[in-house]
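Since the structure comes first, as C-alpha cells, the remarks are kept for the end.
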Amino acid sequence: MDPGDVLIVCLYVDDLIFTGNNSEMITKFREAMIRHFEMIDLGLMSYFLGIEVVQQDDGIFISQKNYASDILKKFKREHSKPVYTPVEEKLKLTRENDGKRVDSTQYKSLIGSLRYLTATRPDIVYEVGLLSRFMEEPCVSHLQGAKRILRYIKGALTDGIFYASNNEVELVGYTYSDWARDIETRKSTSGYAFHLGTGAISWSSKKQPVVALSTTEAEYTTTISCATQTIWMRRILEVIHQKQKSPTKIYCDNKSAIALSKNPVFHGRSKHIDIRFHKIRELIVEKEVVIEYCPTEE
C-alpha cells in the first residue's frame, strides 16, 4: 500500500465531512475507498464481530443474540432456569482465603465472554465488572455469581438496543452509585449511561479511586465522572453536525449531591473532597451540563 494513497483518501474524506448530507457523504466515501483500495461494497451492515444489526425504516436495532447463545452452550447453561435479575440485591463478594477455589482459566474465559457481551448489553455491565475483580483466585461464590448472569441472559436472550430514526437527538445522562459496596477496600462503584434519542450510546461501571465518606460524596464523585464524559461527547457530536443546543441533562437520585454541585461554598461536609471533583461546578456555570433529580425507581 502506498502511503500517498492513504493521504489522498484521508484528505478527500476530510473534505467530505463538511459537505453534503449524510447519504451523499457515505456514497462519496465509498466511491473514494473503492478507487484507491481493493474492496467491494457488501451493502448495509447486518453482522459485525458478533454484533447483529437490523436496519429498518424506523431505526436500527443491535444485539448479540447468536453470541449470547454460543456462550450459554459453551458453558453448558442453555437449559438453565432463567432469572430476572443478573445479581442478587445484597450479594457481597470477597477474596475468600478459605473458600474453595475453582478453575481460574475457565472463570477468566467466562468473564471475558461476558465482557464482550456488554457491547450491546449495558444491563450487565455492573455485575460483570464486579466479578472481574476476582479473576486471579476465583472461588465458588464468584463462579455462582457468573452463572447467575448466564441464567439472566437465558431469560433475556433477544435484548439489545434500538436507535429510532429521529432528526432531533438530545444527549441525556443518568448517573448512579452504590456506597462502600466493596467489603475489602470500602470503595464505591460509579455508574453512568448516556442516551442519544432512544438508545444508549455510552455506559460505564467502575470502582471509584477514593473512599467516599458518605452517600453524598459517592454520588458526587460519580456525577463529575459523568459530567466529564458529557463534555467529550458534546465535542464529538459537534464535529458530526449534531451540536447540542442546550445544556446536557444529567439525572441523579441524590438531592444532596445535586445541591453540592451547585453550591460554590466549601463547607465542612465537602472541603475534604479532592479539588478535581469540584470541576462540575464550573461546568454548570458554563451551561455545559445541568444536574436534575430523578427518583431511584425511575
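When reading the values below, keep in mind they use all heavy atoms of this one structure, side chains included, and skip hydrogens, waters and symmetry mates.
Note on V211: it does not cluster hydrophobically with L130, by side-chain heavy-atom contacts below 4.5 Å among ILVMFWY residues. Under a hydrophobic clustering in which Ile, Leu, Val, Met, Phe, Trp and Tyr are joined whenever their side-chain heavy atoms come within less than 4.5 Å, directly or via other members, L110 and V83 fall into the same cluster. Residues L143 and L114 fall within the same hydrophobic cluster, defined by Ile, Leu, Val, Met, Phe, Trp and Tyr side chains chained together at heavy-atom separations under 4.5 Å. W203 and W232 fall within a single hydrophobic cluster, where Ile, Leu, Val, Met, Phe, Trp and Tyr are joined by side-chain heavy atoms under 4.5 Å apart, directly or via other members. By the rule that hydrophobic residues join a cluster once side-chain heavy atoms approach within less than 4.5 Å of another member, I201 and V54 end up as members of separate clusters.
Proximity of R151 to P82: side-chain heavy atoms (C-beta onward) are nowhere separated by under 4.5 Å. Residues I149 and V128 form a side-chain contact, since some pair of their non-hydrogen atoms from C-beta on lies under 4.5 Å apart. At least one side-chain heavy atom of S109 sits under 4.5 Å from a side-chain heavy atom of F75. Between F134 and S141, the closest side-chain pair of non-hydrogen atoms is not below 4.5 Å. Side-chain contact between S132 and R115 is present, with at least one heavy-atom pair separated by less than 4.5 Å. Contact of the S113 side chain with the D70 side chain is not registered, since no non-hydrogen atoms from C-beta on lie closer than 4.5 Å. Side-chain contact check for D159 versus R121: some heavy-atom pair is nearer than 4.5 Å. Side-chain atoms of T223 and N254, non-hydrogen and from C-beta on, never get closer than 4.5 Å to each other.
Using modelled atom types, one finds no donor on one side chain facing an acceptor on the other under 3.5 Å when comparing Q208 with T189. R148 and T85 share a side-chain donor-acceptor pair at under 3.5 Å. Between the side chains of E219 and T175, not a single donor N or O lies within less than 3.5 Å of an accepting N or O.
Under a 3.5 Å cut-off, the side chain of Q244 and the backbone N or O of L171 do form a donor-acceptor pair. Between the side chain of H142 and the backbone N or O of C139 there is at least one donor-acceptor pair closer than 3.5 Å. With hydrogens and angles ignored, the 3.5 Å screen pairs a side-chain donor or acceptor of E52 with a backbone N or O of K65.
Within a 6.0 Å sphere centred on NZ of K187, other residues, nucleotides and ligands contribute more than 12 heavy atoms. For NZ of K255, the number of neighbouring non-hydrogen atoms (other residues, nucleotides, ligands) closer than 6.0 Å is 12 at most. The number of heavy atoms from other shown groups lying within 6.0 Å of CD (E38) does not exceed 12.
Note: Y47 OH to I51 CD1 = 9.0 Å, rounded to the nearest 0.5 Å. S190 OG to Y176 OH: the interatomic distance, rounded to the nearest 0.5 Å, is 12.0 Å. Between M233 atom CE and T228 atom OG1 the span is 11.5 Å, to the nearest 0.5 Å. Atom OG of residue S165 and atom CD1 of residue I60 lie 7.0 Å apart, to the nearest 0.5 angstrom. Summarising the geometry, atom CZ belonging to F48 is positioned 7.0 Å from atom CE belonging to M45; distances are rounded to the nearest 0.5 Å. Taken to the nearest 0.5 Å, the CD1 atom of I111 stands 12.0 Å off from the OG atom of S104.
R77 and K154 get closest at one heavy-atom pair: O-CD, 4.4 Å. The shortest non-hydrogen separation linking Q56 to D58 is NE2-OD1, 3.0 Å. Across all their heavy atoms, P86 and D123 have their closest contact at CG-O, 4.0 Å. Annotation for T221 and I224: closest pair O-CG2, 2.9 Å, computed over non-hydrogen atoms. The two residues T222 and G191 come nearest to each other via the heavy atoms CG2-O, 3.5 Å. Minimum heavy-atom separation, Y107 to L131: OH-O, 2.8 Å.
In summary, the aromatic rings of Y174 and Y192 are positioned with their centroids too far apart to meet the 6.0 Å limit.
Using a 30° and 60° split on the angle between ring planes, Y116 and Y67 fall in the perpendicular class, above 60°.
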Where do L150 and I71 land on the side-chain contact (heavy atoms from CB on, under 4.5 Å) test, with the steps shown first? CA-CA 8 Å; L150 292 177; I71 295 176; 3.6 Å; yes
With side-chain contact (heavy atoms from CB on, under 4.5 Å) as the criterion, how do V53 and F61 come out once you've worked through the C-alpha distance, each side chain's angles and the decisive distance to 0.1 Å? CA-CA 6 Å; V53 183; F61 179 75; over 6 Å; no
Audit row: L237, L196, side-chain contact (heavy atoms from CB on, under 4.5 Å) steps and yes/no: CA-CA 10 Å; L237 290 172; L196 190 64; 3.8 Å; yes
Verdict with supporting geometry, E137 and R101, salt bridge (charged side-chain N to carboxylate O under 4.0 Å, His left out): CA-CA 7 Å; E137 295 182 338; R101 296 286 188 270; 3.4 Å; yes
Verdict with reasoning, C294 to D253, per side-chain contact (heavy atoms from CB on, under 4.5 Å): CA-CA 5 Å; C294 178; D253 70 340; 5.6 Å; no
